[in-house]
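Taking it in order: structure first as structure tokens, then the write-up.
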Number of protein chains: 2
Amino acid sequence: MVTMRDVAERANVSIATVSFVINGTKPVAPETRARIEAAIEELDYRRNVVARALASSRTRILALLHPDFETRPNITVIQFVMSAAHGARERGYDLVLWPVNDGEQMSHLLAGGLVDGALLMEVQIRDSRVERLIASRVPFTLIGRTEDDDLPYVDIDFAATIDQAVEHLRGFGHRRIALVTQCAKVPPGNEPGRIMRAHAAYLDAMAALGEPPAVIAVEGTSEGGRVAARTLKDDFPEATAVILLNEGASAGLVKGSRALGRTVPDDLSVISASTAPEFGEMIEPSLTVMAAPATQLGRLAVNALIDKLDGVQEAPPHLLIPCALVPGESVGPAPA
Amino acid sequence: MVTMRDVAERANVSIATVSFVINGTKPVAPETRARIEAAIEELDYRRNVVARALASSRTRILALLHPDFETRPNITVIQFVMSAAHGARERGYDLVLWPVNDGEQMSHLLAGGLVDGALLMEVQIRDSRVERLIASRVPFTLIGRTEDDDLPYVDIDFAATIDQAVEHLRGFGHRRIALVTQCAKVPPGNEPGRIMRAHAAYLDAMAALGEPPAVIAVEGTSEGGRVAARTLKDDFPEATAVILLNEGASAGLVKGSRALGRTVPDDLSVISASTAPEFGEMIEPSLTVMAAPATQLGRLAVNALIDKLDGVQEAPPHLLIPCALVPGESVGPAPA
DNA sequence: CTGAAAGCGCTTACAG
DNA sequence: CTGAAAGCGCTTACAG
């Protein structure tokens with residue numbers, strides 16, 4: 001292995017000077033610099049990142065903390081993960097994946113000193129992992145929000161997303177609109193923030209419309225979708241449209257409705273929020289979706305975090321991006 | 001930050017002895033050990049992984065090298081990535097994500113000394129990245145295979161998978177079976193190994209059946225699936241069944257066939273190979289799939305690599321796992 | 001069974 | 001503009 005010492009010897013300088021040119025930390029005379037660069041080239045030297053990390057107490061590694069047993073894996077998650085990894089690499093950082101269930105495990109990992117910063121996925125309204133994160137003193141950015149809006153986060157703007165979905169449906173004459181969310185495996189009142197916030201936005205929109213709300217929470221599976229279809233028919237037969245915040249159940253809802261004699265979109269219009277268009281077009285009829293800005297969020301989260309680490313940042317980032325409507329064939333005029 | 005020195009002082013021993021008990025590298029007297037463990041507990045000491053890495057020249061970090069612009073992201077990929085990350089953590093390793101396009105970039109990263117080993121995804125028949133990997137002297141395991149079967153790999157057994165799919169279809173009376181694969185953005189003859197091998201297995205099976213082969217390569221999108229449906233109808237109208245090695249096109253194929261007046265499975269039976277069942281049941285009719293063993297492969301690949309790093313291994317791993325048939329509703333009796 | 005000491009390959013005040 | 005040297009927090013022969 002060729003080290004900085006080898007380069008220094010070949011260029012007839014001290015290792016400090018080599019370090020200065022590699023990092024651009026101090027001015028170096030042009031001739032000296034040229035000699036050093038030549039030596040680096042000739043020896044094919046690459047600085048050891050571990051030694052650098054120890055000496056500078058900056059590892060340039062970021063952790064992506066995600067729940068161990070992912071909810072049904074989906075396109076959005078992989079897009080988010082990959083874009084975060086890509087964004088990190090573009091700025092010279094590495095991203096490690098940390099499946100964490102409990103805060104205990106998280107604290108251990110954080111205390112090891114491997115990472116300079118962390119990204120936390122699937123944030124809940126009250127989230128003990130966030131407390132651990134704060135206690136660890138490792139800088140972080142949340143993907144999603146807790147109750148405490150002051151923490152740095154990037155998130156989907158679910159309120160705007162729901163509003164837009166409702167607006168779109170209203171344009172087709174729908175007024176009785178149901179919401180299908182996802183059951184969480186957590187105490188009520190502590191769901192993932194997205195569910196709480198979307199729920200609240202939905203209730204507001206219905207109140208503004210002067211229509212009664214109809215909310216159904218099912219599992220994020222095809223079976224869950226079928227359950228939703230039946231509940232919809234039995235308990236909310238007046239609903240002519242439904243907004244899903246449950247991608248995993250969307251296909252089942254369409255299939256289940258059809259099996260119950262209700263066609264999409266003739267009898268029931270469907271919008272799947274926070275869903276990849278690639279996913280929507282697999283379904284028949286193609287789903288009208290609100291595309292999750294997964295790729296943007298991944299980059300934004302990483303860049304916000306790195307900005308903080310580099311001290312290039314004043315206020316904690318509070319970034320909200322709404323989903324974008326991508327029309328499919330699952331929304332039609334409200335039945336008379 | 002509390003260091004090993006702090007622990008040593010509190011326990012009245014040298015830092016070497018602390019290291020011995022933490023790593024279990026040398027026998028330590030019970031009383032001494034107890035004192036040290038107490039000190040660790042009281043100080044809430046956690047060993048600095050970076051310092052350890054530098055001193056031991058083992059970082060305990062693994063890289064997952066994946067193509068930068070993923071083919072259409074799918075459930076299988078995220079399952080693979082997450083299970084690899086999880087498997088690594090269970091053995092005390094971390095997994096970094098490295099999006100790499102060119103070998104150049106890869107060599108730079110590898111030379112930095114951050115990782116002890118690497119996993120390479122989307123391996124092609126002739127793959128320059130593999131050569132870079134070998135040249136870097138970083139231990140690795142391939143996900144997929146090149147021409148050179150001697151390198152360590154884990155892979156889906158596409159031959160067995162195709163055979164099983166053909167067998168299944170034959171059980172329903174099908175003989176004229178088409179294969180739909182995915183266009184690669186690489187020179188012909190250098191596709192991802194899975195396509196070459198599945199293709200070969202398919203040709204063998206058709207030869208054994210004494211039927212002419214019919215192969216269609218389309219993009220892994222809904223549109224690609226539609227193209228396949230049309231090509232199938234126009235160019236291979238005798239085919240009563242199709243095996244897909246192209247998850248992204250499967251939904252489009254079903255929808256496209258229906259649009260052309262051919263119902264699945266009445267007129268055309270469909271099996272989607274290397275596909276997640278969760279995906280299959282989204283489609284109408286539910287797709288009969290060959291489930292990709294993504295989760296197993298992720299763990300196997302990581303464990304094989306770590307075994308090698310730990311010297312717990314003789315021969316390079318050559319692990320092949322076939323997909324498992326999960327019947328849906330897209331396969332029916334061959335039309336008379 | 002335990003310790004003193006060298007060393008992993010860098011960065012970074014401090015001096016000149 | 002450049003260098004000598006301390007130090008990052010560990011591991012690991014080597015000695016005893």
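So that the names make sense, note that chain A is the first sequence line, chain B the second, and so on, each numbered from 1.
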Nearest-Å distance, [atom1] ([X]) to [atom2] ([N])?
X: A:Leu114; N: D:dC8; atom1: CG; atom2: P; result: 20 Å
X: B:Arg35; N: C:dT2; atom1: CZ; atom2: P; result: 8 Å
X: B:Asp6; N: D:dC10; atom1: CG; atom2: P; result: 9 Å
X: B:Ile15; N: C:dA4; atom1: CD1; atom2: C1'; result: 10 Å
X: A:Arg60; N: C:dC10; atom1: CZ; atom2: C1'; result: 14 Å
X: A:Arg58; N: C:dG9; atom1: CZ; atom2: P; result: 23 Å
X: B:Leu54; N: C:dA6; atom1: CG; atom2: P; result: 17 Å
X: A:Asn23; N: C:dT12; atom1: CG; atom2: P; result: 7 Å

Between [options], which one does the side chain of [X] approach most closely?
X: A:Lys26; options: C:dG9, C:dT11, D:dG3; answer: D:dG3
X: B:Arg52; options: D:dA5, D:dT11, C:dG9; answer: D:dT11
X: A:Met4; options: D:dT12, C:dT11, D:dG3; answer: C:dT11
X: B:Ser14; options: C:dC8, C:dG3, D:dC10; answer: C:dG3
X: B:Ala51; options: D:dC10, D:dT12, C:dA13; answer: D:dC10
X: B:Thr17; options: C:dT2, C:dC10, C:dT11; answer: C:dT2
X: A:Phe20; options: D:dT12, D:dG3, D:dT11; answer: D:dG3
X: B:Ala29; options: D:dG3, C:dC1, C:dG9; answer: C:dC1
X: B:Thr32; options: C:dC1, D:dA4, C:dC10; answer: C:dC1

Opposite nucleotide pairing with D:dA13, Watson-Crick or G-U, both atom distances under 3.5 Å:
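Base partner found: none.
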
Under a 3.5 Å cut-off for both contacts, is C:dA4 paired Watson-Crick or G-U wobble with anything, and if yes, with which nucleotide?
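Across any shown strand, C:dA4 pairs with none.
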
Contact under 4.0 Å: [X] side-chain N or O vs [N] OP1/OP2:
X: B:Asn48; N: D:dC8; result: no
X: B:Tyr45; N: D:dC10; result: yes
X: A:Ser19; N: C:dT11; result: yes
X: B:Arg47; N: D:dT11; result: yes

Tell me what [X] touches on the nucleic acid: a base, only sugar-phosphate, or nothing, going by heavy atoms under 4.0 Å.
X: A:Ala16; value: base
X: B:Val49; value: nothing
X: B:Val50; value: nothing

Does the side chain of [X] pick up a donor-acceptor pair with the side chain of [Y] at under 3.5 Å?
X: A:Arg58; Y: A:Tyr93; value: yes
X: B:Thr59; Y: B:Asp116; value: yes
X: B:Asn303; Y: B:Arg91; value: yes
X: A:Arg132; Y: A:Ser107; value: yes

Is B:Asp102 salt-bridged to B:Arg129, cutoff N-O under 4.0 Å?
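No salt bridge links B:Asp102 with B:Arg129.
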
Roughly how far, to the nearest 0.5 Å, is CG of B:Leu151 from NE2 of B:His318?
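Here the interatomic distance stands at 7.0 Å.
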
